[in-house]
Amino acid sequence: MGEFELIERFFKRPAQQADVGVGDDCAIWSPQPGQQLALSTDMLVEGRHFLSTVNPRHLGHKALAVNLSDLAACGARPRAFLLALSLPRVDEDWLLGFSQGLLDLADAHGCELIGGDTTQGPLNIAITVMGETPHGQSILRSTAKAGDDIYVSGHLGDARLALEAFRGNLSLPQAAFDLARARMETPTPRTALGMALRGLATAMADISDGLLGDLGHILQASGVGARLDLSPMPGLMLTRQAWACPREWMLRCVLSGGDDYELVFTAPPAARAALKALALSCHTPITRIGSVIPDRSVLLVQEDGRELPNTFRSFDHFA
Ligand code: ADP
Ligand code: MG
């Protein structure tokens, strides 16, 4: 199968919202009047972000999910994406699984594949997503205020737990491993929550490299610090069996695990009731984990009120 047949067969579908989709030199697409574009690119590299043995359907899902998560973090509505794909060979079963995982998630979020590039080479997937936010309403990192509450969506730490189990660093009961593995391989982008937080959240980021690291970006950009309450942290792990792990392990997974694709955001205390209602309507749990302080430090406060030294390191490709 040649390059063009491959594109035709696995990635070309009738244009939906695009004026011109896959097949021309450029995709042509019109944002709605009064909207700003939100653009983001994320790349997945074999051996770095995933193993060659991963289910291709899950890989297709994850490649788009991590990009949709960036749109959610700005409160943007997903509209369209471009797919740059480097493949060692044409493996039809692999392509079928990959394209289905990718396009199912795309359909679920109203995000249309409008173009891309396909080449032979080491397996590498780069996606560029395009979203929209009403003018001036995107949620940035730099606008958290001292006194704001700090929240996270969903559950944290399960992806890291799965990774450690894969590496043989800990063993989990089968059911717990399956749950953690599903969280690692098929994360859920928090699109509805992200959009609903426009006008309520003062600052937001998605958690790809670990809570402390990604919250740290908000704090740094906003020139503030945080006081985090560690008592709700065990409850953030979906894989309850992990609670039986040494506490140090559990905290490490939740605070600096990475690959969570949840949202961390700040909002004034006056927004608490509105946020509760909004989390219900978006079917996405949120947990208040602390507050923003004027001093540029991060305090981790334990159940007994004592401070835990912050020795947690977030993921960094070059560190
Ligand atoms: P050109 O070389 O003229 O830039 P290409 O041969 O790279 O065009 O691609 C042909 C068409 O197929 C273009 O519309 C391009 O956007 C689209 N395309 C290529 N690869 C992909 C892909 N992996 N997914 C979706 N569309 C793709
Ligand atoms: Mg090209």
Side-chain angles (χ1 to χ4, degrees), residues 1-32 35-74 76-132 185-189 191 206 208 259 261 317:
M1 184 186 311
E3 178 187 332
F4 298 102
E5 193 188 338
L6 183 162
I7 295 166
E8 189 79 24
R9 194 152 143 214
F10 296 104
F11 299 112
K12 181 167 179 170
R13 299 190 302 174
Q16 297 156 33
Q17 356 168 33
D19 301 308
V20 177
V22 171
D24 219 306
D25 287 305
C26 289
I28 308 289
W29 168 74
S30 317
Q32 305 285 315
Q35 303 281 312
Q36 282 180 305
L37 292 184
L39 303 169
S40 183
T41 289
D42 255 320
M43 182 158 61
L44 295 191
V45 176
E46 182 174 3
R48 191 72 199 169
H49 299 97
F50 61 92
L51 303 172
S52 58
T53 50
V54 71
N55 177 327
R57 186 184 277 266
H58 294 168
L59 186 60
H61 173 107
K62 185 163 179 176
L64 182 60
V66 304
N67 280 280
L68 292 175
S69 179
D70 283 319
L71 290 182
C74 291
R77 176 186 298 283
R79 290 291 312 275
F81 70 106
L82 300 165
L83 168 67
L85 192 57
S86 166
L87 294 169
R89 74 196 82 81
V90 176
D91 174 339
E92 294 187 27
D93 288 341
W94 189 94
L95 277 160
L96 193 63
F98 176 82
S99 59
Q100 281 178 351
L102 180 87
L103 296 175
D104 283 352
L105 187 70
D107 290 344
H109 291 262
C111 195
E112 181 180 359
L113 177 56
I114 57 173
D117 197 25
T118 306
T119 168
Q120 188 175 30
L123 183 56
N124 188 53
I125 305 149
I127 287 180
T128 301
V129 276
M130 281 157 272
E132 290 177 343
E185 293 185 350
T186 52
T188 307
T191 302
D206 74 323
S208 51
D259 244 8
Y261 303 102
H317 280 283

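Just so it is clear, the model here is predicted, and its values are computed rather than measured. Both counts, for ligands and for their atoms, begin at 1 and track the order of listing.
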| task | Please confirm whether Gly116 comes within less than 3.5 Å of ligand 1 when only nitrogen or oxygen atoms on both sides are compared. | result | yes

| Within a strict 4.5 Å, meaning less than it, do heavy atoms of the Leu59 and Glu46 side chains meet? | no

| task | State the atoms of ligand 1, each with its element, that fall below the 4.0 Å cut-off from a heavy-atom position in Asp117. | result | 7 (O), 19 (C), 20 (N), 21 (C), 23 (N)

| said: Using heavy atoms and a 4.0 Å limit, tell me yes or no: is Phe10 in contact with ligand 1? | reply: no

| What do you reckon, does Glu3 put a non-hydrogen atom under 4.0 Å from ligand 1? | yes

| task | Measure Ile114 to ligand 1 on non-hydrogen atoms and call it side chain, backbone, both or neither using the 4.0 Å cut-off. | result | neither

| said: Give the atom numbers and elements of ligand 1 that come within less than 4.0 Å of a heavy atom of Asp24. | reply: 13 (C), 14 (O)

| said: Strictly below 4.0 Å, N to O, side chains only: are Arg9 and Glu92 in salt-bridge contact? | reply: yes

| query | Going by the atom numbers of ligand 1, which of them fall below 4.0 Å from some non-hydrogen atom of Phe11? | reply | 23 (N), 24 (N), 25 (C)

| Quick one: are Arg13 and Asp107 in side-chain contact, heavy atoms under 4.5 Å? | yes

| Any Leu95 side-chain heavy atom under 4.5 Å of Phe11 side chain | yes

| field | Under 3.5 Å: donor-acceptor pair, side chain of Ser86, backbone of Pro122 | value | yes

| query | Should Met130 and Trp29 count as side-chain neighbours, where that means a heavy-atom distance under 4.5 Å? | reply | yes

| Okay, side chain of Glu185, backbone of Asn55: is any donor-acceptor separation there less than 3.5 Å? | no

| task | Please identify which atoms of ligand 1 are closer than 4.0 Å to at least one heavy atom of Val22. | result | 12 (O), 14 (O), 17 (C), 25 (C), 26 (N)

| said: Heavy atom to atom 25 (C) of ligand 1, shortest distance: which of Cys26, Ala27, Gly115, Ser99 holds it? | reply: Gly115

| task | Enumerate the atoms of ligand 1 whose separation from the nearest heavy atom of Thr118 is less than 4.0 angstrom. | result | 19 (C), 20 (N), 21 (C), 22 (C), 23 (N)

| said: Please report whether ligand 1 has a polar contact with Gly23, defined as an N or O pair separated by less than 3.5 Å (distance criterion only). | reply: yes

| query | Can you tell if the side chain of Leu102 reaches within under 4.5 Å of the side chain of Ile125, non-hydrogen atoms only? | reply | no

| field | Which segment of Ile7 sits under 4.0 Å of ligand 1 when only heavy atoms are counted | value | side chain

| query | Which atoms from ligand 1 have a heavy atom of Asp25 less than 4.0 Å away? | reply | 3 (O)

| Atom indices of ligand 1 within 4.0 angstrom of Phe4 heavy atoms, with elements | 6 (O)

| message | For a 4.5 angstrom cut-off between non-hydrogen side-chain atoms, does Val129 reach Asp70? | response | no

